[in-house]
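Convention: sequence-line order gives letters A, B, ...; per-chain numbering from 1. The figures here come from the full heavy-atom set of this structure, side chains too, leaving out hydrogens, waters and symmetry mates.
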Amino acid sequence: MKFEINAFDGHTKARTGILTTDHGQIKTPIFMPVGTAGSVKGVNQRDLISDVKAQIILGNTYHLFLRPGIETLEMAGGLHKFINWNKPVLTDSGGYQVFSLADNRKLKEDGAHFRSHIDGSKHVFTPENVVDIQRIIGADIVMAFDECTPFPCDVDYARKSMELTHRWLKRGIKRFDETEPLYGHQQTYFPIVQGSVYKDLRIQSAETIASYDRDGYAIGGLSVGEPVEEMYAMIEVVNEILPENKPRYLMGVGTPVNILEGISRGIDMFDCVMPTRNGRNGMLFTKEGIINIKNVKWKNDFSPIEENGASFVDHKFSKAYLRHLIVSKEILGAQIASLHNLSFYLWLVTEARHKITEGTFASWKNEMIHKLAVRL
RNA sequence: GGGGAGAUACCAAAGUGGCCAACUGGGGCAGACUGUAAAUCUGCUGGCGCACGCCUUCGUAGGUUCGAAUCCUGCUCUCCCCA
């Protein structure tokens, strides 16, 4: 997998690049819609391509492993074929579920022992079998199996967890390098930096991760409840160490402002459930600020969802109609809101790329951050 | 015409002497959501100050009682059954 940097902003650490996979090129900085269980919730593949202009989507090892299960995925010929998506896919390893489903699991040296949230059945994820599963899924980018520490997290636990993640990384890389893709397209394996909000741990983790020569590197364990300043500080520390010529992926982030701040600190890839989940719950991100479409003030506002919005739904439907749909819990409301938000996110990173190329990213970013803070 | 049941906040529906400004659900209003166990969750929802408190509420008019949404009487209205 090849990564080529095209331009630096010059005033910040922002840069543009192209990541080339066997399923096509990804222009960075990029936002990757989350499609946990083989679907970007509420958005079909055609709209994802033609309207949202998604270049890559996520899948989740934990969820796909439980349902439909690896047997089905293998029979289908991998996730791409199963869901009929011929652009790149990145799969999270299940490390986040180790965090979010903490009540149902136990961490041991060998891996994470957990019970399915669906039927209570017992399973074990190890750094090795998580690679195997992601081979079967056929993700273009395979994520290391890590522990995403919670916040707050005391320094002793953060260190132990980080060290475990590092030992798991070594095992995961070994398994990955010993095995082959199943479907004829190339796959790559991204390690993940941990270390909670502790600068020394983050440095140590970034150095450890960077000591492996991989196609890209991820930063995990952030945006789990810590103040944003701490998150930004950790990104800065880590990005000083991660190789400049490789893509950097900030996992699970974030708000549009977080993304702009991340780009300006040298992050190339982002993913987050926010545009889809918050969209389903009535929150719209626009160029002029945030809209809670459920608020009564939109009840009789028949203006377009967003003037000059990036999605066709922005001009086709009114705020009043979308409000009605969301308030009435009509499925179409969730679909429209998800399309709108995803289109906005992809517009945001596309615009960021243009501004970086022009060398005007810094001022544009500050202007946008100002607008994005507004509650309409 | 005869017999029976009932009227509680926006709606539905608990409550049958003090623990009731009144359970609960819906609706309404607002908030949360960051590698998705989330089309989910939380709060508020008589008035005024909005913390403590005070004032006015359970069809309506009276009455009994230290005290009533709860007991008694009149009135109004609604529903059901029989003719």
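- With side-chain heavy atoms closer than 4.5 Å counting as contact, directly or through intermediates, the hydrophobic cluster containing A/I203 also holds A/V237, A/I241.
- If you check every strand for non-hydrogen atoms under 4.0 Å, A/D271 touches sugar and phosphate atoms only.
- Between A/I26 and A/P88 there is a side-chain heavy-atom pair separated by less than 4.5 Å.
- Look at CZ on A/R277: it is 11 Å from C1' on B/rG35, rounded to the nearest Å.
- Toward the 5' end of RNA chain B, the nearer of the two residues A/T36 and A/K297, judged by each one's closest nucleotide, is A/K297.
- No engagement by A/S116 is indicated, since no non-hydrogen atom pair under 4.0 Å with the nucleic acid exists.
- A distance below 6.0 Å separates the ring centres of A/F114 and A/F125.
- Within 4.0 Å (heavy atoms only), A/L250 reaches no atom of the nucleic acid at all.
- Nearer to the 5' terminus of RNA chain B, by closest-nucleotide assignment, is the contact made by A/N295 (compared with the other of A/C272 and A/N295).
- Nucleotide B/rA12 is matched to B/rU24 when pairs are restricted to Watson-Crick or G-U wobble geometry with both distances under 3.5 angstrom.
- Heavy atoms of A/V34 sit under 4.0 angstrom from at least one base atom.
- B/rA37 atom P lies 8 Å from atom NZ of A/K41, rounded to whole Å.
- Across all strands shown, A/N258 has heavy atoms under 4.0 Å from base atoms, whether or not it also approaches the sugar-phosphate.
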Side-chain donor/acceptor pairs under 3.5 Å, residues 338-350 of chain A, sequence neighbours excluded:
unit_1	atom_1	unit_2	atom_2	d
A/S338	OG	A/A334	O	2.7
A/H340	ND1	A/D314	OD1	2.5
A/H340	NE2	A/F285	O	2.6
A/N341	OD1	A/F285	N	2.9
A/N341	ND2	A/P275	O	3.0
A/N341	ND2	A/M283	O	2.8
A/S343	OG	A/L339	O	2.8
A/Y345	OH	A/G254	O	2.8
A/T350	OG1	A/L346	O	2.6
A/T350	OG1	A/R353	NH2	3.3

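- Residue A/G94 is classed as having no contact, given no heavy-atom separation below 4.0 Å to the nucleic acid.
- Taking 4.0 angstrom as the limit, A/Q97 places a side-chain polar atom (N or O) nearer than this to OP1 or OP2 of B/rU36.
- Atom CG of A/N281 and atom P of B/rA30 are 15 Å apart (whole Å).
- At a threshold of 4.5 Å between non-hydrogen side-chain atoms, the residues A/Y96 and A/Y62 do not count as touching.
- Rounded to whole Å, atom C1' of B/rA39 lies 11 Å from atom CD of A/E330.
- In this structure, A/N292 reaches the B/rG31 phosphate: one of its side-chain N or O atoms is under 4.0 Å from OP1 or OP2.
- Counting distance only, with no hydrogens placed and no angle test, the side-chain atoms of A/D146 and the base atoms of B/rG35 include a donor-acceptor pair under 3.5 Å.
- The residue A/R375 sits close only to the backbone: its heavy atoms come under 4.0 Å of sugar-phosphate atoms, none of a base.
- Nucleic acid contact class of A/Q194 (heavy atoms, under 4.0 Å, all strands): base.
- Counting heavy atoms of neighbouring residues, nucleotides and ligands inside a 6.0 Å radius, atom CG of A/N84 does not exceed 12 of them.
- You won't find any donor-acceptor pair under 3.5 Å spanning the side chain of A/S100 and the base of B/rU36, going by distance alone.
- Residue A/R280 places none of its side-chain N or O atoms closer than 4.0 Å to OP1 or OP2 of B/rA38.
- Figure legend. B/rU73 is base-paired to B/rA61; pairs are counted as Watson-Crick or G-U wobble with both atom distances under 3.5 Å.
- When the P atom of B/rU36 is taken as reference, atom CE of A/M251 falls 8 Å away, rounded to whole Å.
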